[in-house]
There are 2 protein chains.
Amino acid sequence: MFDVPNADGTVGKAMQVLDQVASFGCPVRFSELLSDSPFPKPTLYRFLQTLTNQGMLAFDPERQTYSMGIRLVRLAHSAWRHSSLVPIARPHIESLAAKVGEAVHLAQFDNGHVLFVDKYKATDMFETLAQAGKIAPGYCTGVGKAILAFMTEAQQNHALDQQSYTAYTPATLSDRAALLAELAWIRENGVAYDREEHEQGIISIASPILTSKGRVVGAVSIATSTNRYKISDLKKQKPHLVKCANLIGTEAELWQVPTWS
Amino acid sequence: MFDVPNADGTVGKAMQVLDQVASFGCPVRFSELLSDSPFPKPTLYRFLQTLTNQGMLAFDPERQTYSMGIRLVRLAHSAWRHSSLVPIARPHIESLAAKVGEAVHLAQFDNGHVLFVDKYKATDMFETLAQAGKIAPGYCTGVGKAILAFMTEAQQNHALDQQSYTAYTPATLSDRAALLAELAWIRENGVAYDREEHEQGIISIASPILTSKGRVVGAVSIATSTNRYKISDLKKQKPHLVKCANLIGTEAELWQVPTWS
DNA sequence: AAATTGGTTTCAAATAGTGAAACTTAGTTT
DNA sequence: AAACTAAGTTTCACTATTTGAAACCAATTT
């Protein structure tokens with residue numbers, strides 16, 4: 001007998017509210033949230049109060065709007081430094097970027113989405129901060145497909161249910177069957193290609209990062225523009241990319257936390 | 001009649017658990033958390049489960065440890081971009097840094113602590129990411145004192161209660177009375193100085209960022225080392241610093257959210 | 001002055017959280 | 001190998017918290 005999906009009690013609902021505010025991507029008024037909320041007025045109201053009290057949301061009394069709270073920045077700092085692959089992967093990412101001279105991305109999976117946790121572009125260092133934390137869909141990015149292909153069946157099913165299959169470009173795999181076929185191919189081949197499936201003119205090659213027990217923990221990719229390279233050029237980078245991913249994978253396992261200032 | 005401080009119900013407790021995990025700063029086992037937790041075993045256990053389910057924590061099944069979850073990175077990205085002063089302040093911070101040739105910091109207040117949300121050092125851009133999200137005490141940093149001095153009395157009292165008054169250096173103002181006197185001076189003077197109160201050899205001048213209604217929303221500082229400059233040199237930068245803070249303050253007010261990529 | 005909209009508070013009913021104790025592994029020790 | 005121990009998980013009756021319909025309180029608008 002099934003009970004409703006997975007509400008995770010009061011805390012789960014509060015996190016749902018957090019996500020909702022985040023999804024607006026800008027300061028938002030109570031009534032705007034209410035009109036798009038599964039919760040009744042007083043319930044939503046109390047959640048907003050509690051979360052604001054807690055610093056997870058910020059309330060602008062002049063404008064009467066809610067936005068994401070500053071406490072999240074502190075907590076995420078911790079996440080970024082200790083839980084993500086960033087500290088381990090950094091040096092490998094950098095040297096790969098130096099070697100191939102193209103943008104290298106590091107991504108992890110979060111609730112059906114690909115979350116970019118680091119980005120290294122040989123030419124400019126500036127975008128990094130703005131990029132870390134960005135999300136992209138799983139089904140139509142190199143890193144996304146690389147991760148999906150190596151999930152356990154249960155994880156994969158769950159994740160595939162969460163995809164929207166929007167056709168961003170003519171090349172997008174826009175249904176589950178097409179994606180499943182592609183994933184099978186990726187699993188055999190070891191790496192995934194993004195053939196302008198998410199953005200016109202952008203292609204990439206991505207490799208999953210696996211622990212020795214075969215658990216996927218993320219993916220690395222080399223991304224470039226069709227102006228400069230073709231998929232066949234990216235294929236040549238496969239050995240470098242895979243080596244980099246393997247290094248990160250094995251190190252992630254041995255990892256003992258550093259006291260990294 | 002007082003009831004217990006401010007627990008904010010179940011959600012508040014869950015956030016307390018989140019903070020506790022963050023405070024370890026490294027992957028941590030259930031028993032380590034338990035031995036330092038106000039909650040009984042099953043209660044803590046359930047919170048950890050829920051938070052992990054929600055992606056606010058990450059559980060490493062191989063090592064059986066908890067660390068901060070990747071979902072926080074996504075949420076904080078939103079916070080950093082939309083709720084913090086960063087997007088408004090960036091250009092002003094950069095030009096100030098270029099003008100004075102020293103490190104410029106942008107900070108906001110979070111639960112008694114100073115939280116650095118951006119840092120610009122003319123010479124290297126690299127530290128920025130590692131620095132954003134870092135925290136420091138309020139009572140012994142330039143930015144901290146600048147913010148404290150301009151809070152409402154209620155906010156200030158609350159914040160002063162949260163300070164530890166640890167004497168990091170001989171110059172630290174290590175009790176509430178001394179700090180209060182200093183804050184009065186700062187309020188008159190408009191800017192705060194850090195005379196090696198937090199770290200030996202590091203001094204700074206900091207200005208609060210105020211809205212037109214006089215609400216403090218953060219602070220900017222110019223920080224340098226005693227090897228290069230003295231407090232009297234920093235005093236000369238006061239007009240530049242204050243101008244920068246004012247620009248940020250007025251813009252923060254007019255701010256209409258951008259659809260910033 | 002009446003009506004509407006946006007935000008806040010009340011309060012009894014219902015639900016979800018609590019934690020002592022019991023249980024299950026996995027790892028030691030005798 | 002049996003007996004002990006420590007770490008993690010589950011149960012279940014008890015209780016505290018959450019819930020949301022309805023009422024209330026500004027501000028605006030008509």
Side-chain angles (χ1 to χ4, degrees), chain A residues 1-21 24 26-54 56-67 69 83 154 213 215 256-257, chain B residues 1-21 24 26-54 56-69 154 213 215 256-257:
Chain A
M1 212 163 290
F2 296 94
D3 43 68
V4 236
N6 215 7
D8 266 333
T10 314
V11 175
K13 292 180 205 164
M15 299 302 107
Q16 204 180 323
V17 172
L18 259 191
D19 255 2
Q20 205 207 339
V21 177
F24 271 81
C26 68
V28 60
R29 297 187 62 119
F30 176 66
S31 52
E32 296 182 77
L33 288 165
L34 182 61
S35 67
D36 189 28
S37 172
F39 303 111
K41 215 208 272 205
T43 302
L44 178 64
Y45 180 70
R46 268 181 320 244
F47 276 129
L48 291 171
Q49 292 243 111
T50 306
L51 291 168
T52 303
N53 251 325
Q54 291 290 323
M56 305 295 281
L57 289 177
F59 181 70
D60 178 338
E62 269 139 52
R63 267 186 251 284
Q64 303 223 122
T65 55
Y66 296 90
S67 47
S83 139
K213 270 150 203 143
R215 206 160 51 89
Q256 269 308 61
V257 195
Chain B
M1 209 162 295
F2 296 94
D3 44 68
V4 238
N6 215 8
D8 266 333
T10 314
V11 175
K13 291 180 207 168
M15 298 303 107
Q16 205 180 322
V17 172
L18 258 192
D19 255 2
Q20 205 207 340
V21 177
F24 271 80
C26 66
V28 59
R29 298 188 62 120
F30 175 67
S31 53
E32 298 181 76
L33 287 166
L34 182 62
S35 67
D36 189 28
S37 172
F39 303 111
K41 214 205 275 204
T43 302
L44 178 64
Y45 180 71
R46 269 181 318 242
F47 276 128
L48 290 171
Q49 291 244 113
T50 306
L51 291 168
T52 304
N53 251 324
Q54 291 291 323
M56 304 295 281
L57 290 177
F59 181 69
D60 178 339
E62 269 137 51
R63 266 186 252 286
Q64 303 222 123
T65 55
Y66 296 90
S67 46
M68 303 311 285
K213 270 150 203 141
R215 207 160 51 89
Q256 270 306 65
V257 196

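Chain identifiers are assigned alphabetically (A, B, ...) following the order of the sequence lines, protein sequences preceding nucleic acid strands; residue numbering begins at 1 within each chain.
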Inset, instruction - Search all heavy atoms of A:Pro27 against all heavy atoms of A:Ser67 and return the closest pair with its distance. - result: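 Smallest interatomic distance, heavy atoms only, reads CA-CB, 4.2 Å.
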Legend entry - Shortest non-hydrogen contact from A:Leu51 toward A:Ala14: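 In terms of heavy atoms, the two residues are closest at CD1-O, 3.6 Å.
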Inset, instruction - Could you grab the distance from atom CG of B:Leu48 to atom CG of B:Leu34, nearest 0.5 Å is fine? - result: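 Going from the CG atom of B:Leu48 to the CG atom of B:Leu34 covers 9.5 Å.
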Legend entry - Nearest-0.5 Å distance, OG1 of residue B:Thr43 to NZ of residue B:Lys13: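 Spacing of OG1 (B:Thr43) from NZ (B:Lys13) equals 8.0 Å.
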Legend entry - Check: A:Arg29 main-chain N/O paired with A:Glu32 side-chain donor or acceptor under 3.5 Å: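 Yes; judged by distance alone, with no hydrogens or angles, the pair exists.
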Inset, instruction - Please check if the side chain of B:Gln54 supplies one atom and the backbone of A:Val11 the other of a donor-acceptor pair under 3.5 Å. - result: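 Not a single qualifying donor-acceptor pair exists.
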Legend entry - side-chain hydrogen bond (donor to acceptor under 3.5 Å, both in side chains) involving B:Asp36 - partner list, sequence neighbours excluded: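 Testing B:Asp36 for side-chain hydrogen bond (donor to acceptor under 3.5 Å, both in side chains), a comparison that skips the adjacent residues, returns none.
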Legend entry - Residues forming a side-chain hydrogen bond (donor to acceptor under 3.5 Å, both in side chains) with A:Gln49, sequence neighbours excluded: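 With neighbours one apart ignored, the set is empty.
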Inset, instruction - For B:Phe47 and for A:Glu32, locate the closest nucleotide of DNA chain C by heavy-atom distance; then report the residue assigned to the nucleotide nearer the 5' terminus. - result: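 Checking each residue's closest nucleotide, the 5'-ward one belongs to A:Glu32.
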Legend entry - A:Arg29 vs B:Pro40, nearer the 5' end of DNA chain C by closest nucleotide: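 Result of the comparison: A:Arg29.
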Legend entry - ring-ring contact (aromatic ring centres under 6.0 Å, His included) involving A:Phe39 - partner list, sequence neighbours excluded: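 A:Phe39 satisfies ring-ring contact (aromatic ring centres under 6.0 Å, His included) with A:Phe47 only.
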Inset, instruction - Give the B/S/- string for nucleotides 8-16 of chain C, one per nucleotide from 5' to 3', where a protein heavy atom under 4.0 Å of the base yields B, of only the sugar-phosphate yields S, and otherwise -. - result: BB------S
Legend entry - Candidate list A:Tyr45, A:Tyr66, A:Phe30, test ring-ring contact (aromatic ring centres under 6.0 Å, His included), partner A:Phe59, passing option: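 Option passing the ring-ring contact (aromatic ring centres under 6.0 Å, His included) with A:Phe59: A:Tyr66.
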Inset, instruction - Under 4.0 Å from any heavy atom of chain B: name the first and the last nucleotide of DNA chain D that qualifies, 5' to 3'. - result: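 So the contact region on DNA chain D extends D:dA7 to D:dT18.
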I'd like a table of atom pairs between the protein and nucleotides 25-27 of chain C - only N or O on both sides, under 3.5 Å - with the distance next to each one.
none

